[in-house]
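One structure is given below, encoded as structure tokens.
Numbering of ligands and ligand atoms starts at 1, following listing order. FYI, the numbering just counts along the sequence from 1. Values in this document were obtained by computation on a predicted structure and should not be read as measured data.
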Amino acid sequence: MDNAIILMEGVEKYYSDFQALKNINFKVAQGEIVVICGPSGSGKSTLIRCINRLEDISGGKIVVDGFDIYSKKTNLNEVRAETGMVFQHFNLFPHLTILENISVAQRKVKKYVRAQADRESMKLLEKMGLAHKAHGYPNELSGGQKQRVAIARSLAMKPKIILFDEPTSALDPEMIGGVLDVMRELAKENFTIVCVTHEMGFAKEVSDRVVFMDHGEIVEEGAPKDFFSAPKTQRARRFLQEVLVH
Ligand code: ADP
């Protein structure tokens with residue numbers, strides 16, 4: 001793959017003496033949509049957090065859009081501005097309005113003046129169908145709405161890459177569809193997306209590639225039609241049986 005925008009080579013990650021990632025070799029092409037799945041505790045969240053340097057790694061190398069992100073010479077803020085992250089628990093600022101939640105980083109990092117930042121934020125809220133909530137606070141929103149605000153906030157930085165860490169896992173079932181709809185729309189745009197999720201329907205329909213992890217390793221990966229119809233390993237077969245039954 002010559003056009004890799006994310007490149008992980010021999011990545012190892014320990015939490016004290018527990019090894020959470022084992023020799024991870026993983027590439028994502030510009031514009032690719034990759035879903036990471038696997039049992040709880042298999043290292044999925046750790047893997048994507050490393051791409052944004054939210055974790056330190058114990059060995060190996062990660063290059064994002066040409067930047068060696070664990071090199072001391074790399075300006076982390078510059079790299080992080082290219083890589084949006086959407087978390088399971090939204091992480092909105094409760095004391096700021098919805099609009100301010102989206103504007104704050106544009107002002108601090110992109111140095112936009114308030115009017116310019118708010119204009120961008122309103123456009124994004126319109127895209128999320130939430131313009132009417134702009135002046136309310138996060139606690140007035142449903143979980144699905146909060147997650148759409150969190151997505152808008154990450155888009156405000158105009159990232160090339162969006163990392164999703166189980167974006168629908170904390171949502172009531174009736175809220176999941178709206179968030180997946182927004183993600184489907186983003187997938188059609190020019191973003192590179194890496195998404196940890198248990199939503200296998202979304203993976204089948206939207207992703208270019210599915211990566212299956214277990215016990216800190218990438219066990220197999222492939223096009224969704226191959227992975228879902230003919231998983232190569234016993235571990236992936238067992239995982240699919242369990243998630244598809246529940
Ligand atoms: P997944 O996202 O697949 O559920 P995680 O990446 O969250 O898995 O976790 C992988 C393993 O690393 C788990 O066994 C988890 O308990 C452990 N782990 C994750 N974060 C920490 C941490 N901050 N300190 C110690 N252990 C951790």
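Remark: ligand 1 atoms within the under-4.0 Å shell around heavy atoms of S42 are 1 (P), 3 (O), 8 (O). Within ligand 1, counting atoms from 1 as listed, the ones closer than 4.0 Å to a heavy atom of P39 are 3 (O).
Under 4.0 Å from ligand 1, heavy atoms of S45 appear from its side chain as well as its backbone. In S16, neither the side chain nor the backbone holds a heavy atom less than 4.0 Å from any atom of ligand 1.
At least one N/O-N/O distance between G41 and ligand 1 falls below 3.5 Å. Polar contact with ligand 1: absent for E166 (N/O pair, distance under 3.5 Å). Residue contacts with ligand 1: A20 is placed with no nitrogen or oxygen under 3.5 Å of a nitrogen or oxygen of the ligand (distance criterion only).
For atom 22 (C) of ligand 1, the nearest protein heavy atom is under 4.0 Å away.
The shortest contact between atom 12 (O) of ligand 1 and any protein heavy atom is with F18 CE2, 3.4 Å. Of all protein heavy atoms, the one lying nearest to atom 3 (O) of ligand 1 is K44 NZ, 2.8 Å. Nearest protein heavy-atom contact of atom 18 (N) of ligand 1 is Y15 CE1, 3.3 Å. Protein heavy atom in closest approach to atom 8 (O) of ligand 1: G43 N, 3.2 Å. Protein heavy atom in closest approach to atom 9 (O) of ligand 1: T46 OG1, 3.8 Å.
Using a cut-off of 4.0 Å between Lys/Arg side-chain N and Asp/Glu carboxylate O, R184 and E205 are scored as salt-bridged. With respect to the salt-bridge test (charged N to carboxylate O, under 4.0 angstrom), the residues K158 and E120 qualify. For K123 and E126, the salt-bridge test fails: no basic side-chain N is under 4.0 Å from an acidic carboxylate O. Remark: E221 engages R209 in a salt bridge, criterion side-chain N to carboxylate O under 4.0 Å.
Taking the centre and axis of the six-membered ring of F228, the NZ or CZ atom of K204 falls inside the cone set by 45° and 6.0 Å.
A 6.0 Å sphere centred on OH of Y15 holds more than 12 heavy atoms belonging to other residues, nucleotides or ligands.
Ligand 1 lies nowhere less than 4.0 angstrom from a heavy atom belonging to G38.
Closest approach of F90 to A150, counting heavy atoms only: O-CB, 3.8 Å.
For T46 (side chain) and A20 (main-chain N/O), no donor-acceptor pair under 3.5 Å exists by modelled atom type.
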L54 vs R80, test: side chain to side chain contact (heavy atoms under 4.5 Å, CB included). Steps then yes/no. CA-CA 10 Å; L54 291 174; R80 286 224 178 114; 4.1 Å; yes

